[in-house]
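Okay, so here's the structure we're looking at.
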Amino acid sequence: MPEQKIPEYNFKKIEKKWKDKWETDKLYQPDLDKAEKPFHNLMMFPYPSAEGLHIGGVYTFTGVDTYGRYKKMQGFDIFEPIGLDGFGIHSENYAMKIGEHIKTVSERTEKNFYRQLSSIGNMYDWSRTVETYKPEYYKWTQWLFLQLFKRGLAYQKKAKVNWCPWCKTVLSDEQVIQGKCERCESQVEKKELKQWFFKITDYAEKLLKNLEWIDWSEDVKINQRNWIGKSEGARVKFEISIKKQETRNKKQTNSKYQISNVVIVHGSNSTKEGSENKESGPENLRHWKLWLNNKLKEKGIKVSNEIYPKDWAPKYSDWKKIFDKIDINEDSILIGHSAGGAFLVRWLNETKTKIKKLILVSPGKSGKQSREVLSSFYGGKIIKNIDLYVKNKIVIFTSNDDIPKHIQGAEEYKKELPAKVINLKNHGHFTIQDMKTEEFPELLSEILEEKKENQIEVFTTRPDTLFGATYMVLAPEHKLIEKMKDEIKNWEEVQKYIDTAKGKSEQERKEEEKEKTGVEIKGIKAINPVNQAEIPIWVADYVLSGYGTGAIMAVPAHDERDFEFAKKFGIEIKCVVEPIGGPIIFEGQNSGIAYDEFIKDLKEGKICSSMIGKSINSEFLDGLKTEKAKQKMIKWLEEKKLGEKSIDYKLRDWCVSRQRYWGPPIPIIHCEKCGAVPVPEKDLPVELPDMIDFLPEGKGKGPLAKNVEFVNTVCPVCGKPAKRETDVSDPFVDSSWYFLRYSSTEFDNEAINKDRAKKWLPVDSYIGGKEHTVLHLLYSRFITMVLNDLGFIDFEEPYKKFFGHGLITKDGAKMSKSKGNVINPDEMIEKYGVDAVRLYLRFLGDFSQGGDWRDDGAAGMARFMKKLWQTFFDLEGAGEGVEKTQMIDKTIKAIGEDLEKLSFNTAIARYMEFINWIRENSANFNLGQTQKIKRTMALVLAPMAPHIAEEFWTKLKNDKSIFLEKWPAYNEENLEDDQFELVIQINGKVRNKITVSIGVEEDEIKKIAQESEKIKKHLKGQTIKKMIYIKGKLINIVI
RNA sequence: GCCGAAGUGGUGAAAUUGGUAUACACGCUGGUCUUAGGAACCAGUGCCUUCGUGGCGUAAGGGUUCGAGUCCCUUCUUCGGCACCA
């Protein structure tokens, strides 16, 4: 062998050289406006911890990059952005711990993170980073908040929230893990606080529906489906009968009506004050209202707003001021006349307040002037969707003259909303005459009807089992209990139970081994609407106040929890569904008992079963299969107005307020007069003030409340002194839209540039941790849908593809500082080089499964790199040439396919086989073969180990980067050998293998197989029953 | 309890989707070369075996099939998520 000088594999020098070169050449900064084949290759941006980049981060990011580089070599214009998700409690707590200010910690962390991220060989476009904690970013996070606020999708309500006593802030349901804080593992408490929410529940159906078509893996979809938790069923009303003779105290106020409050809103007056116009003059303006008010008072019902706007023609803001002061809730009935109706429609749309019923009395008028007045309430727009908030409970009194043009025509009402429309005899735009006609009592009865009796509404997914409801259960928090206080005979016992139940923390409830507890409420009974049976009412904490209606009808024969409860307290168990399908279905469910015995036990109330089947003991449902029985029952209930079809979701609204410092201040100003007013967009960002003392106080208010200069401001509407909101928003809000920003970072006048969005969004490939499947992924889908509805973007789903990768462990355990098993990526890169680390991480195992870091594995990969280097430079091409070079084509094909499906470990295995093959034949290749092999060695390795590949590429005398080169093509015809190894099986067992030419016919193969020596032996004295031949692979002889 | 993913050599893991189980590595054993090697190279490496072949092997048991790691049923184990959701 001639002394050939092989250069040393100095990975440090090589990696540094290419990193610098790529940067100066701006190789990874696509022209966002001109790119022809845009491909947005996104990875979840990291939460920068002060400890630095985790090896798990390197694992993910380089995996994503490998895919991106492969795509780049396929000719796509790759946009691979990076940023930092730096706002949030995590960093804040860390700063507190080390006694430094969060701001300085963040600055340092950012520098360190970006240094590390630039050292892992990724194609980041460093000209477009996004940091959630920079004002130029959170300005738009605040803008986003305002868009939701204006749409009524951000609202404030007093709510029981999860409170972490250690972090001193509110947590969303998703952040509470088994009753503990996700971050610090403290016991979470329930606190009643006024909080900001995003109305994600409005999008529950769409979030669910789109899962049918988006191209994500099924496990992620299932997770989201479960989280949204849709269940279909019915709401059913149970009347309460009061045992009058047992009532302790006579109620002073009326006990006849359960109604909480009625709010009346009158219309505007288009004529001048003092006018003689009888219909709309000041005399009449409030006339009907006062009349109605008095009528209601006679019945003992209080009208909430006795104060009216002073103006004769109140505007939206005039009414709103009054509405901000009165309590409107799910028991409220709102009545609006004319512009008053218009006001209510808009107000409901904006605040999303749930009410009991909306009554519109002559909501519109056909005069031009009136139309103008009315449409001014909406800025001329037509408003739909009020049914969302007053489902099925809109009643409209209208005459032909009162076509409500500002909303929809009367006919449209019927179509669009499930509203009941009652036509008035034409007496003008609802006048004094109307009050004397037959319709007016009807109006009264619409108000009074609902309060004839007390009712308990329940939600059930099994309306077919209604005949088997033998008792009811109320959650301890159920409002009715307090209301019925005077009727309850054993009030003290009930109260005591409720107090203990409420006092229990979530954890305690769970620790009680699910042993059911409860107290019967004596003195009242419920009437089962289907058979008028009087059934007992219990209060028990196994019924949750937050789901459904907070009350259930208990069917012990067909629900395990109800069964357990009924058994314990000796309540009747009535079987109303007989499972069918016989022993086959039955076998899997309860093994050990015979089917007949099972049915017998079920009917005797010894066991319970939630299986479907056919209805029994259920009068008009008897004999029907469950699905049909459900439908028939719902129809029956709806006809009798005892219930209705209903859909419930587990998904709750997203609580976005946080009582901490390190987040974007919520851009709202609270004004005594004008209420919660959005900060005008031109005033954004509301900058997070520098505060030396940023520690939370823990009294339910954020640290910003301590900063007087920040808090005190003026109301943008009326100019009077007002106070700023002091909560900041949840970091999940920051990350719910960051990917929309990357391609628009240079625009400081808009969050998302339309042209850019058109080109680069939705994201083509999104890769990140599976732990974010319900939180971040759901939130960002929601925000995308909202922005789509608002017209800022034109797609509903943010990510075309999502791939969830696995985690890196050390010795099978999660890495953590306390365990002392943390792998420092800097050290590894220093020791083995970036390429070796990248390759090793890819080789560990399946990308979706994660893997276990082993130092000797990494060392092994470093050894392979050396070998690879040696092999490359050893190849001289002085041989005569090898006959078969299929290996080259096979390798190109296999690696390409593997990379496309992110199967990196097998891609590397293929590459190693390729190298092994080269080494075995290295002396024999001729010059042309050597050229081709060397090119292939570099090209197919490039996505995984970019630096060494680029180095090989220059050594092959190329002056352009390898990443501007196309992924090599392979010759389809060259994949097949001209021979193959035929496997000969007898009865499925391998008995022999012989080499056969590819072109041999089936008959010939069969003959050859039988004639081979070993097979002959086995076939001796046997008859062949059958022969199965799989082309090009094997033959199975059955004897 | 429910939902999801998985269970293959001493270890990390492959297996063209029903067609030769253990590719590719790590580790280990033996050898070559070395003053030495934790370097490099060569050979071996699922278990049993009468060393001929053969038999057994993909958590356990059963089934479908000419043929099962792969499909179906039951059981067990591990990991992740949810947890009285009516």
Side-chain angles (χ1 to χ4, degrees), chain A residues 177-179 217-223 225-227 229-231 233 458-462 465 473 506 509-510 512 514-516 540-544 546-555 558-562 564-565 584 587-588 591 610 648-651 770-771 773-774 806-807 809 812 840 843-846 848-861 863-864 866-867 870 894 897 903 905-916 919 981-993 1014 1017 1025-1039:
Chain A
I177 311 294
Q178 308 201 321
S217 65
E218 206 49 40
D219 56 336
V220 176
K221 288 187 185 181
I222 287 167
N223 256 330
R225 263 185 216 121
N226 289 346
W227 193 264
K230 179 181 183 172
S231 46
V458 300
F459 173 71
T460 176
T461 54
R462 291 293 296 273
T465 62
V473 188
E506 292 279 317
R509 281 200 193 185
K510 271 159 209 158
E512 277 168 9
K514 289 177 189 168
E515 174 71 22
K516 303 255 181 307
D541 65 4
Y542 82 91
V543 172
L544 309 171
Y547 184 75
T549 60
I552 61 158
M553 60 174 219
V555 186
H558 305 290
D559 181 282
E560 263 180 61
R561 297 153 301 183
D562 298 343
E564 196 191 315
F565 192 82
I584 300 159
E587 216 166 273
S591 51
S610 55
D648 255 64
Y649 300 91
K650 278 189 237 174
L651 185 71
K770 286 179 187 150
E771 67 275 21
T773 47
V774 283
L807 295 175
T809 54
Y840 174 60
F843 191 57
L844 268 181
D846 191 298
S848 67
Q849 301 293 309
D852 199 58
W853 176 278
R854 292 159 60 111
D855 289 336
D856 52 7
M861 190 55 77
R863 239 178 289 144
F864 173 76
K866 260 191 197 167
K867 195 159 100 177
Q870 192 79 21
E897 283 169 1
S903 179
N905 53 338
T906 53
I908 292 171
R910 306 272 193 190
Y911 191 75
M912 287 171 164
E913 281 178 80
F914 181 50
I915 300 303
N916 289 344
R919 288 164 67 81
E981 195 177 44
L982 177 73
V983 173
I984 306 167
Q985 294 182 332
I986 291 174
N987 288 347
K989 287 193 172 144
V990 180
R991 295 300 179 188
N992 200 6
K993 296 173 189 177
K1014 284 179 188 167
K1017 244 199 276 177
K1025 284 185 194 157
K1026 212 177 182 181
M1027 277 201 271
I1028 292 139
Y1029 174 57
I1030 307 295
K1031 196 163 181 281
K1033 270 187 188 138
L1034 61 75
I1035 186 160
N1036 190 9
I1037 302 169
V1038 186
I1039 53 175

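Chain identifiers are assigned alphabetically (A, B, ...) following the order of the sequence lines, protein sequences preceding nucleic acid strands; residue numbering begins at 1 within each chain.
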Legend entry - Side-chain donor/acceptor of A:Lys1025 to base of B:C66, under 3.5 Å: no
Inset, instruction - Could you state the atom-to-atom distance from CD of A:Glu218 to P of B:A6 in whole Å? - result: 13 Å
Inset, instruction - Fit a plane to each ring of A:Tyr542 and A:Phe565, take the angle between them on a 0 to 90° scale, and name the class: parallel (under 30°), tilted (30 to 60°) or perpendicular (over 60°). - result: tilted
Inset, instruction - Determine which nucleotide pairs with B:U58, using a 3.5 Å limit on both distances of a Watson-Crick or G-U wobble pair. - result: none
Inset, instruction - Would you tell me if any nitrogen or oxygen in the side chain of A:Asn226 comes within less than 4.0 Å of OP1 or OP2 on B:G81? - result: no
Legend entry - side-chain N/O A:Ser231 vs B:A86 OP1/OP2, d < 4.0 Å: yes
Inset, instruction - Would you classify B:G52 as syn or anti? Syn applies when the glycosidic angle is within 90° of 0. - result: syn
Inset, instruction - May I ask you to verify if any side-chain N or O of A:Lys1033 is less than 4.0 angstrom from the OP1 or OP2 atom of B:G19? - result: no
Inset, instruction - Give a yes/no on whether any side-chain N or O of A:Asn916 is located under 4.0 angstrom from OP1 or OP2 of B:A25. - result: yes
Legend entry - G-U wobble or Watson-Crick pairing nucleotide for B:C2 (cut-off 3.5 Å, both distances): B:G81
Legend entry - Residue pair A:Thr460 / A:Met553, side-chain heavy-atom distance below 4.5 Å: yes
Inset, instruction - Map A:Gly546 and A:Ile1028 onto RNA chain B by nearest heavy atom, then report which one ends up closer to the 5' terminus. - result: A:Ile1028
Legend entry - Validation row: A:Asp562, A:Ile552 side chains within 4.5 angstrom (heavy atoms): yes
Inset, instruction - Might you work through the side chain to side chain contact (heavy atoms under 4.5 Å, CB included) test for A:Ile1035 and A:Ile1030, ending with a clear yes or no? - result: CA-CA 6 Å; A:Ile1035 186 160; A:Ile1030 307 295; over 6 Å; no
Legend entry - Validation row: A:Val990, A:Ile984 side chains within 4.5 angstrom (heavy atoms): no
Inset, instruction - Say whether, by atom type as modelled, one donor and one acceptor occur between the side chain of A:Tyr840 and the main chain of A:Gly860 under 3.5 angstrom. - result: no
Legend entry - Nearest-nucleotide pick for A:Ile222, side chain only, options being B:C3, B:G27, B:U20: B:C3
Is there any protein nitrogen or oxygen under 3.5 Å from a nitrogen or oxygen in nucleotides 54-57 of chain B, and what are the pairs?
from, atom 1, to, atom 2, distance (Å)
B:G55, OP1, A:Arg991, NH1, 3.4
B:G55, OP1, A:Arg991, NH2, 3.2
B:G55, OP2, A:Arg991, NH1, 3.1

Inset, instruction - Provide, to the nearest angstrom, the distance between the CD atom belonging to A:Glu560 and the P atom belonging to B:C84. - result: 14 Å
Inset, instruction - Can you establish whether the number of heavy atoms outside A:Glu560 located under 6.0 Å from its atom CD is more than 12? - result: no
Inset, instruction - Whole angstrom is fine here: how far is it from CE in A:Met861 over to C1' in B:G27? - result: 15 Å
Protein-nucleotides 39-50 of chain B N/O pairs under 3.5 Å:
from, atom 1, to, atom 2, distance (Å)
B:C41, OP1, A:Arg919, NH2, 3.0

Inset, instruction - Tell me which of A:Asn905 and A:Asn987 sits closer to the 5' end of RNA chain B, going by the nucleotide each one is nearest to. - result: A:Asn905
Inset, instruction - Would you indicate what A:Asp856 reaches in the nucleic acid, counting non-hydrogen atoms under 4.0 angstrom: base, sugar-phosphate, or nothing? - result: sugar-phosphate
Legend entry - Rounded interatomic separation in angstrom, taking CD from A:Gln849 and P from B:A14: 8 Å
Legend entry - Between C1' of B:A83 and NZ of A:Lys516, the distance in whole Å: 12 Å
Inset, instruction - Can you tell me the distance, in whole Å, between the OH atom of A:Tyr1029 and the C1' atom of B:G67? - result: 16 Å
Inset, instruction - Nearest whole angstrom, please: distance from the C1' of B:C2 to the CZ of A:Arg225. - result: 17 Å
Inset, instruction - Let me know the distance between CD of A:Glu913 and P of B:A14, rounded to the nearest Å. - result: 14 Å
Inset, instruction - For nucleotides B:C72 and B:A83, find the distance between their C1' atoms and express it as a whole number of Å. - result: 30 Å
Inset, instruction - Please work out if A:Phe864 contacts a base, only the sugar-phosphate, or nothing of the nucleic acid, heavy-atom cut-off 4.0 Å. - result: nothing
